[in-house]
Amino acid sequence: MNWLTKVVRPKIRALVGKKDVPDDLWYKCAKCAQMLFHKELEENLHVCHHCGHHLRLSAVRRLDMLFDDGAYNRIELPEVAVDPLKFKDRKRYTDRLRDAQANAVKQNGGADAVIVAHGTIGGQKSVIAAFDFGFLGGSMGQAVGEALIAAAQLAIVQRAPLIVIPSTGGARMQEGILSLMQLPRTVLAVEEVREAGLPYIVVLTDPTTGGVTASFAMLGDIHIAEKGATIGFAGKRVIKDTIRTELPEGFQRAEYMLEHGMVDIVVHRKDLRGTLGRIIDLLVRRTPSAEIVPLDAVANLGAENFKGKTPTVGSALTPVSQDLAADD
Amino acid sequence: MMRSFLNFEKPIAELEGKIDELRRLADTGEMNIAEEISKLQTKVDKQLRATYGKLSAWQKVQVARHPGRPHFSDYIAALTTDFTPLAGDRLFAEDNALQGGIARFRGFSAVIIGNEKGYDTESRVKHNFGMARPEGYRKAQRLMQTAERFGLPVITLIDTSGAYPGVGAEERGQAEAIAKSIQTCLDIKTPLISVVIGEGGSGGAIALAAGNSVAMLEHSVYSVISPEGCASILWRDGAHASEAAESLKLTAQDLKRMEVIDAIIDEPLGGAHRNVDDMTARVGDYIEAQIREFLPLEPGVLRAKRREKFLEMGRTGLH
């Protein structure tokens, strides 16, 4: 500490401090600690262009990214009892909830940790329920349970596949046993979709853990995981405390879960839309279209389609859109 | 047998100790002290009534974990004949933390599944302290499906601190095993009667408890997370477990109020551990009544009713 730091720095800080610099221009990658400029990050779908780390995505950003042309309709979700346990830890749950809601309204207009929307993916109508980790860690309480039930019912009414995208620490402790009861409730919701003969696809993103993994998230027809996502039941710290040894390399990562047979596919975020579109198309458009397209033409179209940086989700492969209702 | 006492039972423990001492003296025939004993017993009963009438949530957690509390094996011994344990998930292993089999219960053939914590060091290790691995939940699924195939009611007795958090358990799909087990509970077309006899620990408990009727013993607990776990996350200090227990509303009385469970089975004075025979008989009566109610229902109706119950849960009855 000398006269320079004492005298000069505060003045510089005062000078800089006056400028109105938004604080969200730069992000720090949680993995490689490189600074990432927001525009570049946005273009790169919030994947670090230095190390490939997939940053968490808000639910709205998720929907923008997955639906055709970023167009979709959100549905209004059922209201639930607020703070049924009158829960209080160091802070009141109602206060935590109010803060989270104020933040969510700014970001996505949502009232809790899940938003539900319908639109098309690769030309096929689809319903997506996406979690917002930013809302109390994406935790599942009554509102989330009701949202998933609503999403399942919407999928059934529309005869559309249901895609659920968890990003959550698990059940919401502040709603106690009522949160635990969302396990059977969400299991029921997705089972009804499957019983209706509709595809139920889970996109496991970082993190998918706890009670959510132990319910609807492990019951998909197809499990797609984003690269590097943490997927598991018990928390790493709990496991470490129980077994008192170091955890294996890559434990509970998407790739590790693939190796152990818990997920079907691990994808880079830029390929998620394409993969999802292809799977939906395969599961929904089950017979040849009325209009017969020569094989080589399809192959050419397909090749062209996947050359581009951002795949356009098999739209070229779908000369005639035919939905499930027409199949049945 | 050595009795173990909980902290808050200290005054009762002292009185009961005195009674034991007097009984020993009486046995040697030195004095006639029956009157003295009965006086003391009245005192003990009064104390028990006062203490157990207003247990805090944290005290209930301790009662629910009491080592002398009747276990799965006690219920099997008291309530069934011809219990035939069935082992293994047919995929990987047998899991001793989760027991199950077919038995005759008051005339009915039934499949009975439950957590066994063990009663001494050796058996606790054998049963992994009642914490099941994926194999346990897969065995449960298999047994529930067997029950369905033969139209047998399923009885589940829940007493676990939770599913086992280990590397192998994760690698073999602990989450998937629990999820499928819940699904199987909701799916089967025979009656599923669940009773939380001790600790209902989170996912490991609901995996067996999505039943047509779910009851809890008066001093049992059922929670989304253990009070210690909740305290270490929300208070950043496990020492706040008693506050967490209070906040979590995990007692049978709380759950009944929220309409998450269907019934509370009263415990004998001073808790289930003070009279195992009485407790097991009361549980037997409850289960029998439930089987008699649900078994005559048409299978589809039975399944639909169970699903409807869980779907409606939390939509009414909360304020």
Side-chain angles (χ1 to χ4, degrees), chain A residues 78 80-81 84-91 93 142 145-146 149 170-185 187-189 191-192 208-219 231-235 238-239 241-243 245 247-248 251-252 256-257 259-262, chain B residues 131 162-183 185-187 200 202-207 209-210 222-225 229-236 240 243-244 246-250 254-255 258 260-261 307 310-311 313-319:
Chain A
V80 295
L85 267 54
K86 313 262 179 295
F87 194 96
K88 187 169 174 271
D89 49 271
R90 291 172 309 159
K91 218 172 156 184
Y93 174 45
Q142 293 203 95
E146 290 294 347
I149 292 168
R172 188 173 296 170
M173 278 177 286
Q174 292 90 342
E175 292 185 22
I177 194 72
L178 294 162
S179 293
L180 187 66
M181 290 304 127
Q182 303 316 310
L183 274 65
R185 300 184 82 229
V187 166
L188 269 177
E191 214 191 333
E192 307 238 307
T208 302
T209 58
V212 166
T213 332
S215 55
F216 66 88
M218 276 291 135
L219 298 176
I231 303 159
F233 175 61
V238 177
I239 298 173
D241 289 350
T242 309
I243 61 169
T245 49
L247 299 173
F251 184 63
Q252 289 187 335
Y256 192 89
M257 296 309 267
E259 223 171 89
H260 286 92
M262 297 302 146
Chain B
M131 294 184 285
Y164 184 65
V167 172
E170 292 285 320
E171 288 176 342
R172 298 192 301 277
Q174 187 71 291
E176 190 270 353
I178 293 172
K180 278 268 168 68
S181 194
I182 296 172
Q183 193 181 41
C185 284
L186 294 166
D187 232 19
S202 195
I206 186 68
Y222 189 4
S223 177
V224 68
I225 186 170
C230 178
S232 83
I233 297 170
L234 291 180
W235 278 265
R236 297 180 198 287
H240 288 268
E243 287 160 72
E246 214 61 61
S247 286
L248 281 166
K249 303 271 193 298
L250 42 62
D254 289 320
L255 267 71
M258 291 187 274
V260 168
I261 57 163
R307 294 163 84 92
F310 280 91
L311 212 51
M313 202 171 275
R315 284 183 174 165
T316 53
L318 304 172
H319 15 261

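The sequence lines fix the lettering, A, B, ..., with proteins before strands; numbering per chain opens at 1. Because the structure is predicted, anything quoted here is derived from the model rather than measured.
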Identify, with sequence neighbours excluded, every residue that meets ring pair (Phe, Tyr, Trp, His ring centres under 6.0 Å) alongside A:Phe251.
A:Tyr256

Segment of B:Val167 engaging chain A (4.5 angstrom heavy-atom cut-off)
both

Counting only heavy atoms closer than 4.5 Å, note whether B:Leu234 contacts chain A via side chain, backbone, both or neither.
both

Part of A:Pro248 lying under 4.5 Å from any heavy atom of chain B:
side chain

Between A:Met173 and chain B, with a heavy-atom cut-off of 4.5 Å, which part of the residue counts as in contact: side chain, backbone, both or neither?
both

Where on A:Leu85 is there a heavy atom nearer than 4.5 Å to chain B: the side chain, the backbone, both, or neither?
both

Ranking A:Gly232, A:Gly145, A:Ala234, A:Gly211 by heavy-atom pairs under 4.5 Å to chain B gives rank one to A:Ala234

Is it the backbone or the side chain of B:Leu311 that comes under 4.5 Å from a heavy atom of chain A, or both, or neither?
both

Stepwise side chain to side chain contact (heavy atoms under 4.5 Å, CB included) check, B:Ile182 with A:Phe216:
CA-CA 10 Å; B:Ile182 296 172; A:Phe216 66 88; over 6 Å; no

Crowded around A:Arg90 CZ? As in, over 12 foreign heavy atoms under 6.0 Å?
yes

Nearest heavy atoms of A:Ser179 and B:Val224, plus distance in Å:
CB-CG2, 4.3 Å

Option that, when pairs with chain A are counted at under 4.5 Å, heavy atom only, ranks first among B:Ala210, B:Ala163, B:Gly166
B:Gly166

Taking all non-hydrogen atoms of both residues into account, name the closest pair between A:Val238 and A:Thr242 and its distance.
O-OG1, 2.7 Å

If one checks every heavy atom of B:Leu250 against chain A at 4.5 Å, the contacting part turns out to be neither

Determine the option with the most heavy-atom pairs under 4.5 angstrom with chain B, choosing from A:Ala217, A:Pro184, A:Ser215.
A:Pro184

For atom NZ of B:Lys249, is the number of surrounding heavy atoms from other residues, nucleotides or ligands below 6.0 Å larger than 12?
yes

Looking only at heavy atoms, what is the nearest atom pair of A:Val187 and B:Ala179, with distance?
CG2-O, 4.4 Å

Greatest number of heavy atom pairs closer than 4.5 Å to chain A - which of B:Arg315, B:Glu246, B:Glu176:
B:Arg315

So A:Met181 and B:Ile206, side chain to side chain contact (heavy atoms under 4.5 Å, CB included) or not? Walk me through it.
CA-CA 8 Å; A:Met181 290 304 127; B:Ile206 186 68; 3.8 Å; yes

Interface residue of largest heavy-atom contact number with chain A, from B:Met258, B:Lys180, B:Gln183, B:Arg172, under 4.5 Å
B:Gln183

Tell me, side chain or backbone of A:Glu146 under 4.5 Å from chain B's heavy atoms, or both, or neither?
side chain

Verdict with supporting geometry, A:Ile177 and B:Asp254, side chain to side chain contact (heavy atoms under 4.5 Å, CB included):
CA-CA 10 Å; A:Ile177 194 72; B:Asp254 289 320; over 6 Å; no

Check ion pair A:Lys88-B:Glu243 (N to O, under 4.0 angstrom):
no

With only heavy atoms counted, which part of B:Asp187 is less than 4.5 Å from chain A, the side chain, the backbone, both or neither?
side chain

One option among A:Val80, A:Leu183, A:Thr245, A:Leu219 has the most heavy-atom pairs under 4.5 Å with chain B, and it is A:Leu219

Start with the C-alpha gap between B:Ser247 and B:Trp235, add the side-chain angles, then the distance that decides, and say whether side chain to side chain contact (heavy atoms under 4.5 Å, CB included) holds.
CA-CA 12 Å; B:Ser247 286; B:Trp235 278 265; 4.0 Å; yes

Test side-chain hydrogen bond (donor to acceptor under 3.5 Å, both in side chains), reference A:Tyr93, set A:Lys86, A:Glu175, A:Gln174, output is A:Glu175

Go through A:Met262, A:Glu191, A:Met218 and name the one with the most non-hydrogen pairs under 4.5 angstrom from chain B.
A:Glu191

Measure distances from A:Gln182 to the heavy atoms of chain B and classify the residue's part below 4.5 Å as side chain, backbone, both or neither.
neither

If you tally heavy-atom pairs under 4.5 Å between each of A:Gly235, A:Gly261, A:Ala214, A:Gly170 and chain B, the highest tally belongs to A:Ala214

Could you look at B:Ser223 and say if it's the side chain, the backbone, both or neither that has a heavy atom under 4.5 Å from chain A?
backbone

Interchain contact, A:Gln252 with chain B, by part (heavy-atom threshold 4.5 Å):
side chain

